[in-house]
Number of protein chains: 2
Amino acid sequence: MPVSAFAVLGLLSQAPASGYQLAQLVDGPISNFWPMSKSNVYGELVRLEELGLVEASDVSQVKLPNKRVFHLTAAGEAALDAWLREPTFRKERRKNSLLVKMLFADRLAPEHIVALVEAARDEAESERARLAAIVDALAEFPAAQWGRSTALFGLRHAEATLAWADDMRHQLDQPVSNATPRRHDTSA
Amino acid sequence: MPVSAFAVLGLLSQAPASGYQLAQLVDGPISNFWPMSKSNVYGELVRLEELGLVEASDVSQVKLPNKRVFHLTAAGEAALDAWLREPTFRKERRKNSLLVKMLFADRLAPEHIVALVEAARDEAESERARLAAIVDALAEFPAAQWGRSTALFGLRHAEATLAWADDMRHQLDQPVSNATPRRHDTSA
DNA sequence: GGAAGCATGTAAGATGTTACATGATTAC
DNA sequence: GTAATCATGTAACATCTTACATGCTTCC
């Protein structure tokens, strides 16, 4: 089962919800580290229902369309908890196209490399500010401690990108000395 | 075009290569931030050839199977450079199942949360050591400066995960005071 | 004789996205 | 009247993965 399935289980464990409500919930805090589309949510619900991990109750509404409100079954709770307990996330290789660009940066004029680094810096800085505010605001709500910890993770990593951007600035300021020995100086 | 296509273009820009050779190259440094499978490589080569961004030369070999060695066309070089110059990588949302688990950590016994954090810490520490060695080793090779910068990025982020794990240790050491005021104290 | 390396791919499926389709009610 | 919200989905496509298939040569 994909992580997305467990993400849906996790959200439903906090409160029963319809597909529509879930589709809104996945745009909440969880979207910071596990983005999902609406179709994806509906798809996972079909899977989870077939597996007996969730069940739906039909809820009739007068002025609004009826809806199916999903809740975890005992099997669903067990599956969620079993997954949460596994400390296995190693295989998740992060993809980062900024670094692909950096790897081939010797094709670029210095000004373009600078632009790349500055764009990364700008984005990291606004992330840092956004997450610092969240971490700060949640500090006084003990019930939000785990949500806060995910924001803190993002904050630390935004800081890491800023630190790296500063490293790069220094490296770009004092361009590599061409006098350093190489094995073959074929080019130039 | 997916980033994978540009990754292949980038590798070919450094030296012409056969599909087989590329399939080995993608397991090199680039796999740290853009993992690709062998089939993926062959698939991208088909696409790039159809688009006229790469061309193949048939190379006959005596004791080994013949091969098709790919190289960039002028259009391929232009496409690669145009992509490298764009400072657009924002949309790339990082997925992180560790954080999904943390978000629902209130379902876990403290010992399991500790295990999760420690597993993340251990992995980050070995990443840190591995990347620090690379960053160090490449320092004396100016030609490797951009490859080094990608390792440095990884290093800074490994350090960030370690810093976060320490944050979490402190948080777990002194569990949240239940006395802090809440709006409704429905539970407990 | 068997494993490992060289070399090229196909086929099936998992995962996920965007856009499309429908239809009622409510707020402006 | 028109846009937004509630509500549920489908269809087509993009991306990528794993496993399978083939066949020759070299090394042990």
Side-chain angles (χ1 to χ4, degrees), chain A residues 1-9 12 16-27 30-31 33-51 54-70 83 90-97 100, chain B residues 1-9 12 16-27 30-31 33-51 54-70 83 90-97 100:
Chain A
M1 287 217 299
V3 176
S4 298
F6 293 104
V8 170
L9 282 182
L12 285 178
S18 65
Y20 184 82
Q21 285 175 299
L22 281 168
Q24 287 171 288
L25 282 173
V26 294
D27 284 333
I30 205 175
S31 71
F33 41 85
W34 205 269
M36 291 180 71
S37 70
K38 187 172 61 91
S39 308
N40 201 180
V41 169
Y42 278 104
E44 293 302 344
L45 282 174
V46 170
R47 180 211 305 261
L48 292 170
E49 198 176 14
E50 279 169 1
L51 290 174
V54 303
E55 267 175 8
S57 319
D58 288 312
V59 173
S60 306
Q61 297 186 111
V62 192
K63 312 236 169 152
L64 289 176
N66 298 344
K67 58 184 176 182
R68 303 182 65 219
V69 174
F70 293 88
W83 180 75
R90 304 144 203 152
K91 277 203 317 183
E92 221 140 68
R93 303 244 196 107
R94 60 240 150 230
K95 294 198 162 192
N96 188 330
S97 66
V100 179
Chain B
M1 285 219 299
V3 175
S4 297
F6 293 104
V8 170
L9 282 181
L12 285 177
S18 65
Y20 185 84
Q21 285 176 299
L22 281 169
Q24 287 170 288
L25 282 174
V26 294
D27 285 332
I30 204 175
S31 71
F33 40 87
W34 204 267
M36 291 180 71
S37 70
K38 187 173 63 94
S39 308
N40 200 181
V41 169
Y42 278 104
E44 293 302 343
L45 282 174
V46 170
R47 180 211 305 261
L48 292 170
E49 197 175 16
E50 279 169 0
L51 290 174
V54 303
E55 268 174 9
S57 320
D58 289 311
V59 173
S60 306
Q61 297 186 112
V62 194
K63 313 236 168 150
L64 289 175
N66 297 345
K67 58 183 175 181
R68 303 181 65 220
V69 174
F70 293 88
W83 179 77
R90 302 143 204 153
K91 275 203 319 183
E92 221 139 70
R93 305 244 197 107
R94 60 236 151 233
K95 295 199 162 191
N96 187 331
S97 67
V100 179

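In this text, all values refer to a predicted model and were calculated from it rather than measured experimentally. Letters A, B, ... are given to chains in the order of the sequence lines, protein chains preceding strands, and every chain is numbered from 1.
Taking only side-chain nitrogens and oxygens, B:N40 never comes nearer than 4.0 Å to OP1 or OP2 of D:dT15. At C:dC6, none of the side-chain N or O atoms of B:S18 fall inside 4.0 Å of OP1 or OP2 (strictly under the cut-off). Look at A:N66 and you won't find any side-chain N or O under 4.0 angstrom from OP1 or OP2 of D:dA7.
Here C:dA7 presents its P atom at 14 Å from CZ of B:R68, a figure rounded to the nearest Å. Between the OH atom of A:Y42 and the P atom of C:dA21 there is a distance of 18 Å, given to the nearest Å. The interatomic distance linking A:M1 (CE) with C:dG13 (C1') rounds to 18 Å, in whole Å. The distance from atom CG of A:L25 to atom C1' of D:dC6 is 14 Å, rounded to the nearest whole Å. Between A:F6 atom CZ and C:dT15 atom P there is a gap of 11 Å when expressed in whole angstrom units. A:M36 has its CE atom 10 Å from the C1' atom of C:dT15, to the nearest Å.
Each of B:Q24 and B:K95 was matched to the nucleotide of DNA chain C holding its nearest heavy atom; the match closer to the 5' end belongs to B:Q24. Of the two residues contacting DNA chain D, namely B:R47 and B:K38, the nearest-nucleotide position lying further toward the 5' end is that of B:R47.
Considering only side-chain atoms of A:E44, the nucleotide from C:dG16, D:dA19, D:dC16 that sits closest is C:dG16. When the nucleotides C:dG9, C:dT15, D:dT17 are ranked by their closest atom to the side chain of A:P2, C:dT15 comes out on top. Comparing D:dT8, D:dC16, D:dA21 by their closest approach to the side chain of B:W34 singles out D:dC16. Nearest to the side chain of B:K63, among D:dT17, D:dC6, D:dT26, sits D:dT26. Of the candidate nucleotides C:dG16, D:dC16, D:dC6, D:dC6 has the atom nearest to the side chain of A:Y20. Comparing atom distances between the B:K67 side chain and each of C:dA7, D:dC16, D:dA7 picks out C:dA7 as nearest.
Judged by atom type and distance alone, A:S37 does not reach the base of C:dT18 through any side-chain donor-acceptor pair under 3.5 Å. Side-chain atoms of A:S4 and base atoms of C:dT15 include no donor and acceptor less than 3.5 Å apart.
You'll find the side chain of B:M36 stays beyond 4.5 Å of the side chain of B:P2, heavy atoms only. With a 4.5 Å cut-off on side-chain heavy atoms, A:W34 and A:V26 do not count as touching. When side chains are defined from C-beta on, B:F6 does not count as touching A:V100, because their heavy atoms never get closer than 4.5 Å.
In terms of heavy atoms, A:E44 sits closest to A:A5 at OE1-CB, 3.5 Å. Minimum heavy-atom separation, B:L12 to B:L45: CD1-CD2, 4.2 Å.
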